[in-house]
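Below: one structure, written as structure tokens.
Naming: A, B, ... by sequence-line order, numbering from 1 per chain. Side-chain atoms are counted along with the backbone in the values below, which use heavy atoms only and exclude waters and symmetry mates.
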Amino acid sequence: MAREVSVDEVARTVARLCQEANYDLGGDVRERLRQALETEESPAGREILELLMQNADLAAAERVPMCQDTGLAVVFLDIGQEVSLVGGDLTEAVNEGVRRGYREGYLRKSMVEHPLRRKNTGDNTPAVLHTRIVPGDRVRITVAPKGGGSENMSALAMLKPADGEEGVIDFVVGQVERAGPNPCPPVVVGVGIGGNFEMAALLAKRALLRPLGQYSEDPDNARLEREILRRANNLGIGPQGFGGRTTALWVSVETHPAHIVSLPVAVNLNCHAARHKEAVI
Amino acid sequence: MAEISLTTPLSEEGVRELRAGDRVLLSGYIYTARDAAHKRLVELLEAGEDLPIELEGQVIYYVGPTPPKPGQVIGSAGPTTSLRMDPYTPPLLERGLRAMIGKGSRTPAVKEAMREYGAVYFAAIGGAGALIAKCIKEARVVAYEDLGPEAIRRLRVENFPLIVVNDTQGNDLYEEGARRYRIED
């Protein structure tokens with residue numbers, strides 16, 4: 001017997017998560033900022049890290065967004081296969097949640113209806129929605145509002161298998177360097193390796209959902225994360241690009257089996273806030 | 001490091017004294033404009049028509065704020081990436097625009113125009129939009145209301161914390177900063 005979940009509840013939850021993700025910096029990010037403050041050598045860099053923490057405190061206390069770019073709403077739904085979604089169209093419910101969350105939360109509407117005609121939709125819809133069918137009778141909803149400045153500095157490469165680990169590291173670190181001050185460093189780096197063209201990008205996006213400070217369970221991936229973080233921070237770009245030790249706060253790597261001839265690598269850059277909130281209904 | 005207090009409008013000689021890395025606290029009136037507003041301004045200039053705002057001695061802030069909550073002057077209001085405004089910037093500098101506020105690198109053409117006409121590029125702290133909003137005391141749409149968050153607003157700011165990235169001597173804080181802290185593997 002399927003457990004019924006109303007799509008209205010999905011909409012209400014999405015609306016709440018859109019606001020919380022924009023108002024409340026994650027505890028994991030705060031902890032990383034505190035750690036970075038101890039290792040940052042640049043006086044301007046330390047000052048910026050402190051200001052980012054003050055900004056987060058102010059946003060949380062006053063219930064206002066940390067950043068004016070309140071993002072494109074990326075919504076992940078992990079839907080238990082024993083769930084029956086009732087009461088309407090699920091995609092429309094997600095968009096209704098975004099619409100309500102952005103209107104009632106005084107968040108900026110940043111979506112245009114066509115990438116070339118560029119007319120604002122006025123309500124920040126549609127969301128970019130990723131669904132997965134998983135075991136169980138629950139629905140896990142994650143909302144990750146993604147800013148345009150850091151998204152624009154993301155990239156994907158179809159490397160050759162012979163490029164190996166060194167090729168992957170060079171591409172990822174090179175992308176952090178090319179991005180320079182534009183994505184508001186210190187950045188959080190999501191890396192997707194393997195799968196195919198579209199899967200690598202989605203792996204990189206999902207990598208940004210992992211808590212900062214938590215390495216991959218795969219020891220090889222964890223080693224890659226450490227090495228990319230070390231090399232990114234050797235670039236010297238620093239907080240806001242003014243020079244310093246803290247260019248990246250964290251690197252998360254997700255991998256997937258790949259074709260014998262392929263080594264796809266995607267880098268999704270995020271700003272320090274790595275905004276996302278989740279709920280299970 | 002010492003902070004330099006400046007009040008708008010800015011003089012060319014005052015701006016020419018600033019150096020990359022200087023901390024500035026800016027007060028007075030500044031204007032907001034992003035891609036869409038820049039496009040319209042440049043189209044007016046090309047058509048030889050009057051602009052809706054006077055540029056001489058003024059400062060443009062690249063920002064698209066969030067809507068204000070009841071009781072707020074403005075919503076969160078941090079800088080956006082400046083690169084998108086670069087194609088439109090040299091003609092505005094030629095008309096006397098004295099400073100720009102944004103985040104991220106500028107193109108060589110913009111840096112050259114800053115040297116030629118006497119202007120600086122300031123960075124504000126990207127990602128600190130809630131904090132920056134506290135420096136903004138008044139906000140009023142003065143042109144292109146149809147552009148919504150991208151309309152041109154006149155803001156009155158008090159002690160808006162900025163750092164000089166590009167000065168009139170061709171210095172670039174982003175390049176110098178990364179060079180200073182870079183560790184070669």
Check your understanding: With respect to chain A, which residue among B/A123, B/G64, B/A20, B/P65 yields the maximal number of heavy-atom pairs within a distance under 4.5 Å?
Key -> B/G64
Review point. What distance separates B/D146 CG from A/N120 CG, expressed to the nearest 0.5 Å?
Key: 12.0 Å
**Study point:** B/P68 versus chain A, the contacting section by heavy-atom distance below 4.5 Å
**Key:** backbone
Review point. Which bit of B/E176 is near chain A, if near means a heavy-atom gap under 4.5 Å: side chain, backbone, both or neither?
Key: neither
Review point. Of the backbone (N, CA, C, O) and the side chain (C-beta and beyond), which part of A/R63 lies under 4.5 Å from a heavy atom of chain B, both, or neither?
Key: both
Exercise for review: With side-chain contact (heavy atoms from CB on, under 4.5 Å) as the test, would you mind laying out the steps for A/Y106 and B/T66 before giving the verdict?
Suggested key: CA-CA 7 Å; A/Y106 295 93; B/T66 56; 5.9 Å; no
Review point. Is it the side chain or the backbone of B/A128 that comes within 4.5 Å of chain A heavy atoms, both, or neither?
Key: both
Exercise for review: Quick one: which of A/S110, A/G147, A/G148, A/P65 has the most heavy-atom pairs under 4.5 Å with chain B, could you say?
Suggested key: A/P65
Revision key, fill the gap. Greatest number of non-hydrogen atom pairs under 4.5 angstrom with chain A, of B/S82, B/G126, B/A36, B/P79, falls to B/G126
Check your understanding: Is the closest side-chain heavy-atom distance between B/K134 and A/L58 below 4.5 Å?
Key -> yes
Exercise for review: Check each atom of A/A56 against the heavy atoms of chain B and say whether the ones under 4.5 Å are side chain, backbone, both or neither.
Suggested key: neither
Revision key, fill the gap. Closest heavy-atom pair, B/Y181 versus A/G243, reported as atoms and distance to 0.1 Å, is CD1-C, 3.4 Å
Exercise for review: Heavy-atom distances under 4.5 Å only: say whether B/T81 touches chain A with side chain, backbone, both or neither.
Suggested key: side chain
Review point. What residue, out of B/S76, B/A133, B/A77, has the most heavy-atom pairs lying under 4.5 Å from chain A?
Key: B/S76
Practice item. Go through the atoms of A/L52 and report whether side chain, backbone, both or neither lie under 4.5 Å from a heavy atom of chain B. Key: side chain
Check your understanding: So, for A/G241 and B/Y174, which heavy atoms are closest and what is the spacing to 0.1 Å?
Key -> O-CD2, 3.1 Å
Review point. In terms of heavy-atom pairs under 4.5 Å, which option from B/I163, B/V63, B/L83, B/V165 contacts chain A the most?
Key: B/I163
Revision key, fill the gap. Scanning both residues in full, the closest heavy-atom pair of A/L51 with B/I125 reads CD1-CD1, 3.1 Å
Review point. So, A/D69 side chain and B/T80 main chain: donor-acceptor pair closer than 3.5 Å or not?
Key: no
**Study point:** Charged N-O contact under 4.0 Å between A/E41 and B/R180
**Key:** no
Study note, to complete from the structure: When the 4.5 angstrom heavy-atom criterion is applied to A/S42 and chain B, the contacting part is both
**Study point:** Part of A/E47 within contact of chain B (heavy atom distance under 4.5 Å)
**Key:** side chain
**Study point:** Whether over 12 other heavy atoms sit under 6.0 Å from B/D50 CG
**Key:** no
Check your understanding: Measuring from A/L235:CG to B/E184:CD, what's the distance to the nearest 0.5 Å?
Key -> 9.5 Å
**Study point:** Winner by heavy-atom pair count (cut-off under 4.5 Å) against chain B, out of A/G149, A/C67, A/C271, A/G244
**Key:** A/G244
Check your understanding: Taking it one step at a time, do A/N234 and B/R182 satisfy side-chain contact (heavy atoms from CB on, under 4.5 Å)?
Key -> CA-CA 6 Å; A/N234 281 352; B/R182 188 182 180 94; over 6 Å; no
**Study point:** Exceeds 12 heavy-atom contacts within 6.0 angstrom, atom NZ of B/K137
**Key:** yes
Review point. Does any non-hydrogen side-chain atom of B/P67 lie less than 4.5 Å from one of A/K109?
Key: yes
Exercise for review: Could you tell me which of A/N233, A/N55, A/N182 has the largest number of non-hydrogen atom pairs under 4.5 Å with chain B?
Suggested key: A/N55
